[in-house]
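These numbers come from the heavy atoms of this one structure, side chains and all, not from hydrogens, waters or symmetry mates.
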Amino acid sequence: MKRIRTAVVGCVAGVCRSEHLPALAEHPQVKLSVLCDIDVAKGTELANQYEAEFCSDYKELLGRADIDLVDICTCDYCHAEQTLDALRAGKSVLCEKPIATTWARAQDVCHAARQAKGKYMCIANNRWRPRFAKTKAVIDSGRIGDPIFISQTLTAPGSRPTDHYSSKMHPLIHNGMHWFDLANWLLDDVPVRVYANYIGAENQWAGSFYIDATFHYSKGPILHFVENRSVQAGHPFFWGLNVIGTGGEIEAGDRENFSVSIHTAEGIRLAPHTFELLCDDDHCHRLQINHFIDCLLQDREPDVSVEASMKAIEMSFAAIESIETGKSIALEG
Amino acid sequence: MSKLGIGLLSSAYGHPLHYVMDLLAHRAVEFKAVAEYDHAPPDAVERSVACAKQYDVPFYTDYHEMLERDDIDIVVVMPYPRCKPEMIEAAASAGKHILSDKPHAVDVDGARRIVKAVEQAGVKFFLTLGQGRTPAPVQRVKKAIDDGTLGELKAIDCIFLPRGELKGFVPSPSFIADVGGGEVTNFGYYAIDAVLWLAGGEATEVYAEIETFFYDHYRQVGLDDFGQLSLKLDNGVVASITVGRPPTVSHPFAFNYQIGVTGSKGTIHARVGAGERISVYESDPPRASSDIFTPWPSRQMVLEFVDAILNDSPSPLDAHDALHVLEVIRAAYHSNDTHHPVMLPMSGS
């Protein structure tokens with residue numbers, strides 16, 4: 001049985017430990033060969049746990065003939081360089097989002113991925129989240145007519161500034177493309193212009209911020225995206241997704257999907273910990289990783305193309321430009 | 001004590017009887033007369049005549065005659081909006097207080113004429129936007145803002161999407177000239193006013209995407225049925241407003257009105273229309289249905305307006321408030337035409 005010999009770069013990152021490593025380790029046709037991280041102590045511990053080799057410099061992996069796939073879970077600003085190095089070394093690459101943190105580097109990745117011997121896919125796990133996948137199926141069935149409006153609302157307390165995200169990187173780059181890819185996929189369309197507002201610390205993934213972006217799509221639909229990181233600690237993490245069609249609506253957000261809600265005497269006030277959101281693990285990362293492994297095994301193209309990831313990150317950069325200039329920004333469409 | 005007399009000026013557009021009944025709920029108010037105007041639509045005249053008959057009050061074909069009556073203190077102005085500035089000027093110069101449904105004008109110039117007329121005459125003006133401000137969940141949001149629970153305001157998100165096609169509505173080719181616009185105008189009045197009122201600021205910039213998504217008869221005359229607006233306010237607050245009339249009648253909440261406010265100390269989300277509800281689940285055939293009984297709370301502010309006249313206190317929603325809401329609406333259409341944000345006040349508007 002063929003096995004995909006895999007190296008994981010940035011193995012200490014939280015999403016890697018919670019999602020990537022378990023999924024890869026449990027896949028019968030994956031051999032978790034090497035774990036790599038600049039944190040030697042924690043990385044070595046993880047490598048021992050998964051019975052894999054450890055290295056602290058990803059460049060050591062590039063020349064090895066016994067590595068087929070490089071899975072990149074490092075800091076956002078490392079993604080492009082490491083992807084380019086791995087693709088040029090003939091490896092396939094699975095990379096956490098974002099594809100890159102600059103438009104120029106994203107174009108480099110796109111070009112390299114098209115030319116590469118290996119395959120490339122950027123994480124877009126929202127497509128595999130069961131309620132969003134069902135949303136797509138309902139839209140495609142025609143049950144709500146033509147989808148004309150999507151509302152996406154991401155509400156959560158602000159994050160701490162960390163090296164992982166880089167304090168100089170706009171938050172739209174990290175999370176925006178995640179949601180923009182979902183919208184493009186649901187609508188089967190691409191936007192032609194965006195207008196965005198931002199309140200918060202200037203260009204910092206730190207503390208609280210609020211982003212409001214409106215995209216107009218080539219076939220007419222509108223996407224309204226809000227990322228609200230100005231709520232208080234203890235506010236539940238809401239992922240809102242509502243779709244309005246010419247013949248119906250879909251509500252697929254967290255607010256409509258409480259498995260348990262606890263209401264206190266505070267009434268409608270959202271005090272810390274008055275709500276608990278208890279959802280089953282939907283394994284959407286695992287489903288996307290499994291999909292990519294299948295594509296490698298069967299030599300077929302992944303569902304998330306590099307062009308789709310490029311379009312999503314282009315939307316992030318365009319929204320940032322709109323915030324910085326106060327103007328609406330045209331996209332290629 | 002003599003009562004305040006009310007006169008209804010036209011039944012051409014809006015909800016004339018609705019607001020007459022709201023006014024009559026005040027014990028200091030009495031219905032005195034109904035009038036129409038030259039070239040009023042025949043169906044409006046029919047409704048006005050029927051109303052006069054129902055309440056046993058005189059009907060005037062020329063509204064100027066009604067305005068000459070000393071026993072009329074409040075005029076309910078309900079012609080097509082394009083006619084309102086002229087009629088409100090006449091009513092104001094006759095010393096009458098004015099209650100108007102939305103839209104109160106089709107353009108900003110008309111709204112400015114109204115401001116000037118009521119200020120010069122020293123009369124009170126009220127625009128009936130209670131549906132946006134007075135629902136209990138919205139009042140609770142206002143309280144959370146006013147008592148400092150939320151801290152300094154940062155952002156407001158408003159969804160105003162009453163569901164279901166307006167039965168029997170057939171827009172004429174002149175509808176936009178007569179009324180000003182489609183649902184971004186119609187429902188936008190409520191949503192924009194509520195957002196500005198909650199935020200306690202004025203809009204300085206408006207961006208909008210406006211479309212006709214749902215109804216062919218809207219499309220045929222160029223009427224919009226959906227809009228997404230972004231506002232920047234002079235106090236630093238940003239706001240988004242989703243407004244329109246989706247046709248989804250199967251949804252249990254026919255009146256989809258939600259407001260979320262984020263401040264430096266807290267967040268509140270209110271959903272209007274989640275009031276009294278009955279759900280029916282049937283087995284054969286399997287079917288689930290719900291009816292929501294949502295009050296349409298226009299009356300509270302109408303009564304406050306009457307009290308404002310009696311006490312000579314400010315109108316709860318005056319001509320300046322109304323002017324600014326219409327400025328935002330017109331800026332939204334202009335933004336949609338140009339695909340760029342529009343700064344307020346608009347030059348030449």
Pairs satisfying salt bridge (charged side-chain N to carboxylate O under 4.0 Å, His left out), at least one member in residues 333-345 of chain B, at least two apart:
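Passing the test, one end in residues 333-345 of chain B: no pairs.
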Salt bridge (charged side-chain N to carboxylate O under 4.0 Å, His left out) pairs, two or more places apart, involving residues 134-151 of chain A:
A:Lys136-A:Asp140
Neighbour count >12 (heavy atoms, 6.0 Å) for atom CD, B:Glu152
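No, not enclosed.
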Looking at every heavy atom in both [X] and [Y], which two are closest together, and how far apart are they?
| X | Y | result |
| --- | --- | --- |
| A:Gly245 | B:Pro247 | O-CD, 4.4 Å |
| A:Ile199 | B:Gly236 | CD1-O, 3.6 Å |
| A:Tyr210 | B:Ile156 | OH-O, 4.5 Å |
| B:Pro341 | A:Ser328 | CD-N, 3.9 Å |

Any donor-acceptor pair under 3.5 Å linking the side chain of B:Thr267 with the backbone of A:Val231?
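No; zero donor-acceptor contacts below 3.5 Å.
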Could you grab the distance from atom [atom1] of [X] to atom [atom2] of [Y], nearest 0.5 Å is fine?
| X | Y | atom1 | atom2 | result |
| --- | --- | --- | --- | --- |
| A:His224 | B:Ile241 | NE2 | CD1 | 10.0 Å |
| A:Ile148 | B:Asp225 | CD1 | CG | 8.0 Å |
| A:Ile329 | B:His340 | CD1 | NE2 | 8.5 Å |
| B:Asp157 | A:Asn228 | CG | CG | 7.0 Å |
| A:Glu249 | B:Leu161 | CD | CG | 7.5 Å |
| A:Thr153 | B:Ile159 | OG1 | CD1 | 7.0 Å |

Determine the option with the most heavy-atom pairs under 4.5 angstrom with chain A, choosing from B:Phe213, B:Tyr215, B:Phe214, B:Phe226.
B:Phe213
Quick check on the interface: out of B:Ala239, B:Gly260, B:Ser240, who has the most heavy-atom pairs with chain A under 4.5 Å?
B:Ser240
Tell me, for B:Ser264 versus chain A, whether the close heavy atoms (under 4.5 Å) come from the side chain, the backbone, both or neither.
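Backbone only.
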Structural part of B:Leu229 lying under 4.5 Å from a heavy atom of chain A
neither
Identify the residues of residues 202-209 of chain B whose heavy atoms come closer than 4.5 Å to a heavy atom of chain A, ordered by number, or report 'none'.
B:Glu205, B:Tyr207, B:Glu209
Tell me every residue that passes ring-ring contact (aromatic ring centres under 6.0 Å, His included) with A:Tyr217, counting only those two or more places apart in sequence or in another chain.
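Once residues adjacent in sequence are excluded, A:Tyr217 has no partner under the ring-ring contact (aromatic ring centres under 6.0 Å, His included) criterion.
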For a quick check under 3.5 Å, do [X] and [Y] share a side-chain donor-acceptor pair by atom type?
| X | Y | value |
| --- | --- | --- |
| B:Glu211 | A:His216 | yes |
| A:Thr214 | B:Gln228 | no |
| B:Ser230 | A:Asp212 | yes |

Look at A:Gly247, A:Ser151, A:Ser230, A:Ser322 and state which one has the largest set of heavy-atom pairs under 4.5 Å with chain B.
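Most heavy-atom pairs under 4.5 Å with chain B: A:Ser230.
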